[in-house]
There are 2 protein chains.
Amino acid sequence: MTVPPRRPLTLRDVSEASGVSEMTVSRVLRDKGDVSEATRARVKAAAKRLGYVPNRIAGSLASSRVNLVAVVIPSLKNMVFPEVLSGISETLAGTGLQPVVGVTDYLPEREEEVLFEMLSWRPSGVIVAGLEHSEASRAMLVRAGCPVVEIMDTDGDPIDACVGISHRRAGRTMAEAILEQGYRRIGFLGTKMPLDHRARKRFEGFTATLARAGIEIADREFYSGGSALAKGREMTRTLMARSPDLDFLYYSNDMIGAGGVLELAAQGVEVPGRVGLAGFNGVELLDGLPRQLATMDACRREIGQRAAAIVAGRVTDPDLARAATEELTPRLAWGDTLRRR
Amino acid sequence: MTVPPRRPLTLRDVSEASGVSEMTVSRVLRDKGDVSEATRARVKAAAKRLGYVPNRIAGSLASSRVNLVAVVIPSLKNMVFPEVLSGISETLAGTGLQPVVGVTDYLPEREEEVLFEMLSWRPSGVIVAGLEHSEASRAMLVRAGCPVVEIMDTDGDPIDACVGISHRRAGRTMAEAILEQGYRRIGFLGTKMPLDHRARKRFEGFTATLARAGIEIADREFYSGGSALAKGREMTRTLMARSPDLDFLYYSNDMIGAGGVLELAAQGVEVPGRVGLAGFNGVELLDGLPRQLATMDACRREIGQRAAAIVAGRVTDPDLARAATEELTPRLAWGDTLRRR
DNA sequence: CTGAAAGCGCTAACAC
DNA sequence: GTGTTAGCGCTTTCAG
């Protein structure tokens, strides 16, 4: 049996099925303007019976309103950005806005492509990770004609709005805590990613503070690839073998830091008596380790929520204050690998 | 100083700036049709100079082609779906297709809303987690007019294409391994989520296999909320206190299972001699724990990649084979918490 | 409260 | 190779 090749339904179909003009059908379906209860009911019934799904492409073209929000992030391979995205998604859920995700792999040229692609949908807002962009990307964002929220990081010049933490300050705060606890032979374990500006800024804030106290990083170890416990163990082993006199290890993220906790436990090294440890991110799913790693919360979910709220707010009321920077303050979680006095 | 309210640029602007007709400009910008090298260069230069970003809304309406792929998933709060999404995103990256993400929170009614929303963009494909949908959702998917790939799970009737693993079989396989190793007093620790059909199916496959050997789950413990090490520790403590004679603990995911590993280590319980353990998911970031938890890989990234490839393939060639189910085989990772003979 | 006309910015299908 | 003419399916605007 041959089914008539069902082209997608249009307003006209609903109009014919209900005997109401297209225009009025459109009004009912968008809850716009006054329509009598009777017609409203007929239209709704017809739309439902037919299984009509409106065509937003046509709608958006006609109204020049788009319910899409572009979200541009460097990666989905650890929990950081999914958590941000989750915050965005839940905050957007009530507003009728939809996130569209683009992943850049930390590559500026990919960011350019992804932005171009997304802006071609004329989204209602752009949420983009980081303050560092290629000139072309920056130009696109400046001329995007919609709110632009740069997230994660506040150390730099935002194009428009900005929500994040100061990674430089986070590095500084951790360095101060470490020094204050009397550690002096400090090792750093981190990622080999020149394009991860936030990791770089934390490192800069960290070393600058040490320098002010006349101290330099005593040794360091870098890696590439995903952050995982095993990687953290391996790096810790390597570093401690090479520089056995280190009394503190600062990790660029909690996953490898947790690996350090496990490795030192396995080696029977006293923590934090002999060696202190700290990470970064506040990965709560690691609570429950034998020792709780000292860390700093990066406020990921909240950043997502606030960024989404800014976009949603401006969509509702375009006259809202522009270009504000919301700097959140990550709190230091001492855990039990840092404090020794 | 007043800037002229820069309306977004149109093809016409590029046309005027380059002295080439709109149509030819359009051709150049889409790399379609034959255009002389000279005009092509002039158009490209003009577009670049102006910073022209095409309007895909108009383009899609005119061509009835949309480069969006709807991705509908239940959650972003653990690594499972971000990994799938990452697989989708990387496979789509080369194809010009863009993922649009919708999160349902495991609620059928949210799934309905999200699907309606997404289908209104007339996407080139839909990738949706799970085979269980409300009647309305199913109806929408059937009539979507684009490839529909249901992912994660193959136990059920797919609407169109399907990529995943059999969770029932995964539960069965694990049960067989556990029985074969001689365990008999088996406890289950899992999530209290009636709407997580995959967890339910694993549990069903698991208990059915035990039943065939005349064995019942000896005790069980459920929780709600995020999966985390601490939760796993706590549940393990509770369960072992209540039923100290258990000789095996089967966890519904690796995070809580890893908590179990840590808790039993802390209690000095011999693993797997006294108690064996297994989880589910193959969360590689947990490699590095004192003992490697037995688990089964859910093939998350690969599922995402294959689903995206199916969509991309059908977009390129609409006559491609339809409605195939790709069942992947999760491999059992024995780790060192399961084998005792 | 309802309807008719005119586009939104682009591309398909033809002419030239 | 390049230009012209009609729409895509909806919403805006204005008239009744």
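Proteins get letters first, then strands, A, B, ... in listed order; numbering begins at 1 in each.
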OG of B:S137 to CD of B:E113, rounded to nearest 0.5 Å, is 9.5 Å
Applying a 4.0 Å non-hydrogen cut-off, can you work out what B:N55 is touching in the nucleic acid: base, sugar-phosphate, or nothing?
sugar-phosphate
Let me know the distance between CG of B:L29 and C1' of C:dC10, rounded to the nearest Å.
11 Å
What is the separation between atom CZ on A:R27 and atom P on D:dC14, rounded to the nearest whole Å?
14 Å
A:R122 atom CZ is separated from C:dG9 atom P, nearest whole Å, by 9 Å
Is the phosphate of D:dG9 approached by A:Y52 (side-chain N or O, under 4.0 Å from OP1 or OP2)?
no
Would A:R40 and A:D31 satisfy salt bridge (charged side-chain N to carboxylate O under 4.0 Å, His left out), going step by step from the backbone distance to the final call?
CA-CA 9 Å; A:R40 177 181 305 279; A:D31 271 318; 3.3 Å; yes
Does a nitrogen or oxygen in the side chain of A:S60 sit under 4.0 Å from OP1 or OP2 of D:dC10?
no
Distance test, side-chain N/O of A:S36 to OP1/OP2 of C:dT2, below 4.0 Å
yes
Consider the side chain of B:T10, meaning its heavy atoms from C-beta on, and name the nucleotide among C:dG9, D:dT11, D:dG9 that approaches it most closely.
C:dG9
Please confirm whether the shortest side-chain N or O distance from A:S21 to OP1 or OP2 of C:dG3 is below 4.0 Å.
yes
Please tell me if the side chains of A:M140 and A:S134 come closer than 4.5 Å, counting only heavy atoms from C-beta onward.
no
Check the phosphate of C:dC1 against A:T24, side-chain N and O only, distance under 4.0 Å to OP1 or OP2. Yes or no?
no
Can you tell me the distance, in whole Å, between the CG atom of B:L61 and the C1' atom of C:dG9?
9 Å
Under 4.0 Å between a side-chain N/O of A:S26 and OP1 or OP2 of D:dT11, yes or no?
yes
Tell me the interatomic distance from B:M23, atom CE, to C:dC16, atom C1', rounded to whole angstroms.
15 Å
List the atom of B:L119, the atom of A:V53, and the distance in Å for their closest heavy-atom pair.
C-CG1, 3.9 Å
Rounded to the nearest angstrom, tell me the gap between atom CG in B:D13 and atom C1' in C:dC8.
14 Å
Expressed in angstrom and rounded to an integer, what is the separation of A:R42 atom CZ from C:dC1 atom C1'?
14 Å
N/O (side chain, A:R30) to phosphate O (OP1/OP2, D:dT12) under 4.0 Å:
yes
The side chain of B:R65 lies closest to which of these nucleotides: C:dA13, C:dG7, C:dA12?
C:dA12
So, taking the atom named CG in B:D105 and the one named OG in A:S89, what distance separates them when rounded to the nearest 0.5 Å?
7.5 Å
Reckon A:S64 touches a base, only the sugar-phosphate, or nothing at all at heavy-atom distances under 4.0 Å?
nothing
Quick check: on DNA chain D, is the nucleotide nearest A:V53 upstream (toward 5') of the one nearest B:G19, or the reverse? Name the residue that is more 5'.
B:G19
Report the distance from atom CG of B:L11 to atom P of C:dC8, rounded to the nearest whole Å.
13 Å
